[in-house]
S.K.: 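Please read through the structure below; I'll follow up with questions.
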Amino acid sequence: MQFDAPLEKEFRLNELQKKAFKKLHIETVGDLLYHFPTRYGDTSEMRSIATLKKGDVAVLFGTISNLKTSKAYYKKIPMGEGKISDDTGSIKAIWFHQPYLAKMIAEGALVRAEGKVSERKGELYLSNPKIETVPKLPIAVGSSLFGKNDENHALYPIYPESRGVTSNWMYHAIQKIFKSGLLDTIPDEIPEPILKKYNLPKRKTALVWIHAPQNKNDGLAARKRFAFEEVFFIQLQKRQARLEYEKHKSFVIEPESGAVEKFVARFPFKPTVGQERAIQAIIADFKKDRPMSRLLEGDVGSGKTAVAATTVYATLTGKPKGQNFGHLQTAYMCPTEILAKQHFDSFITYFAHLGVQIGLITGSGCRKFPSKINPHDSTDISRTQLLKWVANGEIPILFGTHALIQKSVRFKHLAYVIIDEQHRFGVSQRKALAHTSALVPHFLSMTATPIPRTLALTIYGDLDLTVLSEMPAGRKPIKTEIVIPGKREEAYEKIRHELLAGRQAYVICPRIDEPDPSKEMALNVKSVKEEAKRLKKDVFPEYEIAILHSKMKPAEKDSVMEKFKDGRVHILVATSVVEVGVNVPNATVIVIEGAERFGLAQLHQLRGRVIRSNEQAYCFVFAETKTENTLKRLKALEHAKNGFELAEEDLKARGAGELYGRKQWGLSDMAMEALKNIKMVEAARTEATALIETDPNLSTYPLLAERLKKSENKIHFE
Ligand code: ADP
Ligand code: MG
C-alpha cells in the first residue's frame, strides 16, 4: 500500500462512500491515516445486561435488533425503539421524540449504548440511550478483543462519520493499512532533534498510538505530536512567505518631523495609548526599506480608522524617489462596497484641508474627491478617468473593494496597502495587490474579529501583531446582566422601562423555526417565530413586534428593517445573523436567548449592536441553565474589557473547536485543539522561524520542503 495512493485504489468503495470521503476531504490512504478519532470509547465501563437494575445509568455493548418507530403508549409521542442483546440477556431501548434514531442504525449492528435503566409495567428498558456503533464487542467469549489487555479494559477509537462511512468502517480500514506494513515505509518530516527537544513521538509511533492506543497517555502524546506537526507546518509556510515578501525592497517613508503630530492634533479626540503605539510601530516600519507586514487587531469602535488615516498621512509627506512633486500612494481595500464608501467619506473629512485627491473604485462605479464644481464634495467619474489618474499618480489615496486588485488598476508609486477585515481576503489576493509595482508596498491588515493570541499567531504567522486593547475614553460600557431561569419577569420589567422611555429592543434567538429534532440538545431552544408570538401574547402585547431572519425574502427584510428604523416596530426578534450594518441608534436593549450556546466573543459582538449612541445600553443574557460553570463563563461578559479577553476565556472554557466562526480559519480540529496550548504554539513558531532563518529553502530538509509544497494547495484561509 502507498501513502499517496488514492483510497479507491486500495479499498472497494461504493458511490455513497465515495461521496462521504469527498465530504470529509479524504482522498488518499495517507488522508485516511490523518483522519483522527475525535475521542475514545472505553470498554471497562461496560455492564452485562443481566445485572441491570432500575435507576442504573449504564453502558452496554451488544447487538441491536427489532428496530422500529412507533407512537408512545401515552400522549402519542413519536418514538423509536430497538432491542440490545449481549451474552447475558437483552433489553429494550426507547428514544422518545427521536424516532429517527432507530432509522439511523443498521439492524444487527454492534453498538455501545449508554442510558438510564427505567421500568414500565415490570419491564426494564433503556431510556433515550446515546448510541454508537463499535468495531467489535468487548466480550465475545469472556476476553477483550481490543488491545492486549487482560482486564477487559481497552480503548477503541470513535471517528468523525459521514453518511455512508461509519466509524466502524474506518476502524477496519485503518487496521488493514497497519497490517499492510505501510507505516514502516513512511518517513518522518519533522527533524529528529525537534521531536527529541519537545519529547514528541515519531510519526509512525504516533499514528499507531492515535488510532489504537494502549492507554490514554499514548493517545494524548500522539495528539500532541500531530497538533505540533500541523502548527509547525503552518508556521513554516508563513515564515517562508514572509521571508519571500521581505526580499523585496519597499519605499522608505520618512515623515517630516512634527507632521504626524500635527495631523493627530486635528482629531476631535485624544488618541488612546494603543492608537499611539500602533501609529509609532507602523511609522518605524515605514522607515525601513523592507516592506512592513502588520496586523492591527481591535474591537469594533476601538479606532482603527484613525490609525489608518494617520499612517496614510505619513506616506503623503514622503516623496517619490527622484521626484520632487506628487505623493506616494495608498490602496485601501474593504470587504464590501458599503464599507469602502463609508471609509472614503470619512477620509474626506480627515484630508479635505490638505487638498489631496481621493478616489473610490467599486463594482458599481467610481468617485473622486474633490469635485470640480463643489470642492467640498466628491463626484462620480468614469472608471477610465479614475484609472488614468491613479496610474499617473495624481490620486494618491484609492479606496475600493475587490475591484482594487484587478489587473487594469495600475499605480505609479504604490507604497502602502491597507486591508480592512483581513480574514475575508486570501493570501493570493494580498500578493496580487502587492505585485502591481516594482517596489512592494508596506502592508497593514486590520481586523475586528476577536481571536485569541494563539490563533492570531497561527493564522497570521507571517504578520507582526499590534492590538488596540482599550476603547476610547468616555464610552459607556453596556450594562450586561446574566439572567437565570426564574428571573425572567424581573428582566422583562426592566426592558419595559426602556421601551416606555421610547427605546427599542432586539431579541436574539438561536433558531428560526421550532427545534430541529436531530439535535439532541435542541429541545428547549427558543425560535424566532415562536418567541415573537409568545412575547406579543404574554409579555409585551402593547408593543409592535416583528421578526427578521435569513430565510425571509430581501424585500420582506428591507420592509421590516425600515419599520424598525423609523420606530414603527419596537421589538425586533431575530437570529444571531442580524444583517451586519444594522444601525439603529435608538435600539439600546438587546436580549440574547439561549446564551449558553454562543461563544463569549460572539455574544460580545452581538451586544455591540446596541452601542450606537450616547444613551446607556443594556444587554440581557438569558441562560436556560443553572450550571455553575456555564454561569461563571457568561459572567465574564459583565466585566470583560474587550472581545479579545473574551476570546481567550472562550478558548479556556469551551475549547478551540467552539471558537466563533472557526470554519473560516481553515484549520483542522487538531490544530484548533493545539491553540489551547500557548507553549506549543510558541514552540512551533520558534522552531519554524529558526529553521527558515538558517535554511530558507529547507534544502537540508528535503522531506519538509516537499511536504510544504504539497500542503500549500490544501490549506485555504478563506
Ligand atoms: P473601528 O476600530 O471599528 O474601525 P473606528 O475607527 O470606526 O473604529 O472608530 C469608531 C469611532 O470612534 C469613530 O467615530 C471615531 O471617530 C471615534 N474614535 C476613534 N478614536 C477615538 C479616541 N481615541 N477617542 C474618542 N473617539 C475616538
Ligand atoms: Mg473599521
Side-chain angles (χ1 to χ4, degrees), residues 260-282 294-314 330-353 358 360 362 397 399-401 404 416-425 444-451 456 460 465-478 579-585 601-602 604-615 617 641-647 660:
V260 168
E261 289 76 3
K262 238 163 74 192
F263 184 81
V264 170
R266 292 182 55 91
F267 287 139
F269 47 76
K270 191 175 151 351
T272 62
V273 175
Q275 283 171 314
E276 287 198 353
R277 269 200 211 121
I279 292 167
Q280 276 164 16
I282 294 166
R294 189 170 289 280
L295 175 72
L296 181 62
E297 257 191 308
D299 258 355
V300 176
S302 60
K304 295 185 290 296
T305 318
V307 173
T310 307
T311 49
V312 169
Y313 174 71
T330 297
Y332 197 128
M333 183 146 77
C334 305
T336 65
E337 290 196 5
I338 294 172
L339 278 173
K341 174 75 168 53
Q342 197 177 300
H343 278 123
F344 170 73
D345 288 338
S346 65
F347 266 57
I348 291 173
T349 63
Y350 290 136
F351 288 88
H353 67 289
I358 307 177
L360 171 70
T362 67
I397 309 172
F399 286 87
T401 51
L404 257 182
Y416 190 19
V417 170
I418 299 175
I419 293 184
D420 214 0
E421 285 307 329
Q422 139 87 19
H423 64 274
R424 305 261 198 114
F425 292 99
L444 179 72
S445 118
M446 306 200 291
T447 179
T449 310
I451 57 174
Y460 303 125
L465 197 59
T466 301
V467 178
L468 296 182
S469 53
E470 83 232 88
M471 291 298 256
R475 293 270 160 84
K476 277 188 206 150
I478 303 175
E579 251 63 358
V580 225
V582 164
N583 187 1
V584 181
Q602 195 183 1
H604 177 71
Q605 292 213 321
L606 277 175
R607 72 177 166 178
R609 298 247 150 82
V610 293
I611 26 168
R612 308 260 169 180
S613 76
N614 295 328
E615 300 298 335
K641 282 197 285 297
N642 57 55
F644 300 99
E645 222 173 72
L646 290 169
Y660 173 48

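Every number for a ligand or one of its atoms is a count from 1 in the order of the listing. Not measured: the values here are computed from a predicted model.
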S.K.: What's the spacing between Glu297 CD and Lys304 NZ if we round to 0.5 Å?
M.R.: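 Those atoms lie 9.5 Å apart.
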
S.K.: Given Lys270, Gln275, Glu297, which one has a non-hydrogen atom that is nearest to atom 20 (N) of ligand 1?
M.R.: Gln275

S.K.: Does Gly303, backbone or side chain, put an N or O under 3.5 Å from an N or O of ligand 1?
M.R.: yes

S.K.: With a cut-off of 4.0 Å, which atoms of ligand 1 are near a heavy atom of Thr305?
M.R.: 4 (O), 5 (P), 6 (O), 7 (O)

S.K.: Quick test: of every protein heavy atom, which one is nearest to atom 10 (C) of ligand 1, and how far off is it to 0.1 Å?
M.R.: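 For atom 10 (C) of ligand 1, the nearest protein heavy atom is Gly301 CA, 3.9 Å.
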
S.K.: Quick one, Leu295 and Thr447 - any side-chain contact, counting heavy atoms below 4.5 Å?
M.R.: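 Yes, at least one pair of side-chain atoms sits under 4.5 Å.
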
S.K.: Assess whether ring pair (Phe, Tyr, Trp, His ring centres under 6.0 Å) is satisfied between Tyr350 and Tyr313, documenting all intermediate values.
M.R.: CA-CA 9 Å; Tyr350 290 136; Tyr313 174 71; over 10 Å; no

S.K.: Side chain, backbone, both or neither: which part of Asp299 comes within less than 4.0 Å of ligand 1 when only heavy atoms are counted?
M.R.: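 It is the backbone that touches ligand 1; the side chain stays farther off.
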
S.K.: Any protein heavy atom at under 4.0 Å, with atom 14 (O) of ligand 1 as the reference point?
M.R.: no

S.K.: A side-chain contact here means heavy atoms from C-beta on lying under 4.5 Å apart; do Leu360 and His343 qualify?
M.R.: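 Result no, sub-4.5 Å side-chain heavy-atom pair not found.
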
S.K.: Check each atom of ligand 1 against the heavy atoms of Ser302 and keep those under 4.0 Å away; list them by number with element.
M.R.: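 Those of ligand 1 that fall under 4.0 Å from Ser302 are 2 (O), 8 (O).
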
S.K.: Taking the six-membered ring for Trp, are the ring centroids of Tyr416 and Tyr332 within less than 6.0 Å of each other?
M.R.: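 That pair fails the under 6.0 Å test.
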
S.K.: Got the closest protein heavy atom to atom 16 (O) of ligand 1, with its distance?
M.R.: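 Looking at atom 16 (O) of ligand 1, the protein heavy atom closest to it is Phe269 CE2, 3.4 Å.
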
S.K.: Is it the case that ligand 1 has an N or O less than 3.5 angstrom from some N or O of Lys304?
M.R.: yes

S.K.: Taking only heavy atoms of Thr272 into account, list the atoms of ligand 1 that are under 4.0 Å away from them.
M.R.: 23 (N)

S.K.: Is there side-chain contact between Met333 and Ile418, with heavy atoms separated by less than 4.5 Å?
M.R.: no

S.K.: Is there a donor-acceptor contact under 3.5 Å linking the side chains of Arg294 and Ser445?
M.R.: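 Per modelled atom types, Arg294 and Ser445 side chains form no pair under 3.5 Å.
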
S.K.: Please state which protein non-hydrogen atom is closest to atom 12 (O) of ligand 1 and give its distance, to 0.1 Å?
M.R.: Arg475 NH2, 2.8 Å

S.K.: Considering Pro472, Ala308, Ala309 one by one, which has a heavy atom nearer to atom 24 (N) of ligand 1 than any of the others?
M.R.: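 Considering heavy atoms of Pro472, Ala308, Ala309, the nearest to atom 24 (N) of ligand 1 sits in Pro472.
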
S.K.: Tell me if the centroids of the rings in Phe351 and Phe263 come within less than 6.0 Å of each other.
M.R.: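 Yes: the rings meet the under 6.0 Å criterion.
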
S.K.: Compare all side-chain heavy atoms of Leu444 with those of Leu296 and state whether any distance is below 4.5 angstrom.
M.R.: yes

S.K.: Of the backbone atoms (N, CA, C, O) and the side-chain heavy atoms from C-beta on, which set of Pro271 has a member under 4.0 Å from an atom of ligand 1: side chain, backbone, both, or neither?
M.R.: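 For Pro271, only backbone atoms sit under 4.0 Å from ligand 1.
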
